[in-house]
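Please read the structure below before turning to the comments.
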Amino acid sequence: TQLLEQSPQFLSIQEGENLTVYCNSSSVFSSLQWYRQEPGEGPVLLVTVVTGGEVKKLKRLTFQFGDARKDSSLHITAAQPGDTGLYLCAHRNQAGTALIFGKGTTLSVSS
Amino acid sequence: EAQVTQNPRYLITVTGKKLTVTCSQNMNHEYMSWYRQDPGLGLRQIYYSMNVEVTDKGDVPEGYKVSRKEKRNFPLILESPSPNQTSLYFCASSSDWTRSSYEQYFGPGTRLTVT
């Protein structure tokens with residue numbers, strides 16, 4: 001199993017601060033995905049990164065795929081309370097039958 | 001609206017009482033899957049289905065059954081629930097599952113408590 005380790009596990013910040021969360025592995029991935037899960041809801045896909053070194057932006061969120069395709073980061077600029085949630089990274093397993101998720105980073109942004 | 005629906009959203013039951021959690025998607029997706037989410041363990045796959053009448057075990061299938069008689073529905077069956085099946089359950093479906101642009105759509109979740 002290709003494990004994904006996410007850090008930090010919990011993050012509590014004030015509105016307007018910047019933050020970065022990480023998704024690391026010793027394995028090489030063909031692609032990685034980031035999902036956000038809000039309380040009482042299912043995960044929702046934010047982005048898929050495919051190419052080593054790739055950077056994708058989604059408004060105030062910046063996603064980067066490591067050059068060696070073993071890790072990824074999510075940077076949020078000027079966090080807002082609406083960014084509160086659980087951020088999960090995931091990859092499709094080698095058999096192509098499931099998504100394997102990291103345990104996630106729980107982000108709390110207070111105003 | 002494209003969506004995955006699950007019912008019920010909340011369920012409290014007793015050990016041994018058979019139950020079914022329904023899952024339906026209106027996107028004509030071939031791939032469907034069930035996950036459970038537990039604190040400290042994250043999301044783990046229970047069963048998946050690549051198409052109608054094609055189902056297979058995921059990482060934690062013990063105590064669960066599924067069926068896929070029609071493309072849109074993928075019910076999860078607990079024949080004899082036990083307290084260790086207390087969890088948050090998610091159904092998901094996906095188009096283009098075998099391609100690099102795959103995306104899984106998740107239902108809103110079913111919180112199950114077995115006493």
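Proteins come first, then strands; the chains are lettered A, B, ... in the order of their sequence lines, and each starts at number 1.
Residues A:L45 and B:Y105 fall into different hydrophobic clusters, defined by Ile, Leu, Val, Met, Phe, Trp and Tyr side chains chained together at heavy-atom separations under 4.5 Å. In the hydrophobic clustering of this structure, A:L32 does not group with A:Y35; members are Ile, Leu, Val, Met, Phe, Trp, Tyr whose side-chain heavy atoms approach within less than 4.5 Å, directly or through other members. Hydrophobic clustering, with ILVMFWY side chains joined whenever heavy atoms are under 4.5 angstrom apart, keeps A:V50 apart from A:L58. B:F106 and A:V47 are assigned to two separate hydrophobic clusters, defined by single-linkage of ILVMFWY side chains at heavy-atom distances under 4.5 Å. A:Y87 and A:L11 fall within a single hydrophobic cluster, where Ile, Leu, Val, Met, Phe, Trp and Tyr are joined by side-chain heavy atoms under 4.5 Å apart, directly or via other members.
Residue A:E5 places its CD atom among 12 or fewer non-hydrogen atoms of other residues, nucleotides or ligands, all under 6.0 Å distant.
B:Q104 and A:Q33 share no donor-acceptor pair across their side chains, judged by distance under 3.5 Å alone.
The structure places CG of B:L43 at 8.0 Å from CG of A:L86, a figure rounded to the nearest 0.5 Å.
Of the two parts of B:Y31, only the side chain, counted from C-beta on, holds a non-hydrogen atom closer than 4.5 Å to a non-hydrogen atom of chain A. Only the side chain of A:Q37 comes within contact range of chain B, with at least one heavy atom under 4.5 Å from a heavy atom of that chain. With a threshold of 4.5 angstrom between heavy atoms, B:R111 does not approach chain A through any atom at all. Contacts between B:Q37 and chain A at a heavy-atom distance below 4.5 Å involve the side chain alone, from C-beta outward.
Nearest heavy-atom pair, B:Y48 versus A:T97, reported as atom, atom and distance to 0.1 Å: OH-CG2, 3.2 Å. The heavy-atom pair separating A:A98 from B:Q45 by the smallest distance is CB-OE1, 3.1 Å.
Counting heavy atoms from C-beta outward, B:S33 and A:L99 have side chains that stay 4.5 Å or more apart.
In the hydrophobic clustering (ILVMFWY side chains linked at under 4.5 Å, chained through shared members), B:L11 is joined by B:L19, B:V21, B:M32, B:W34, B:I46, B:Y47, B:V60, B:Y64, B:V66, B:F74, B:L76, B:L78, B:Y89, B:L112, B:V114.
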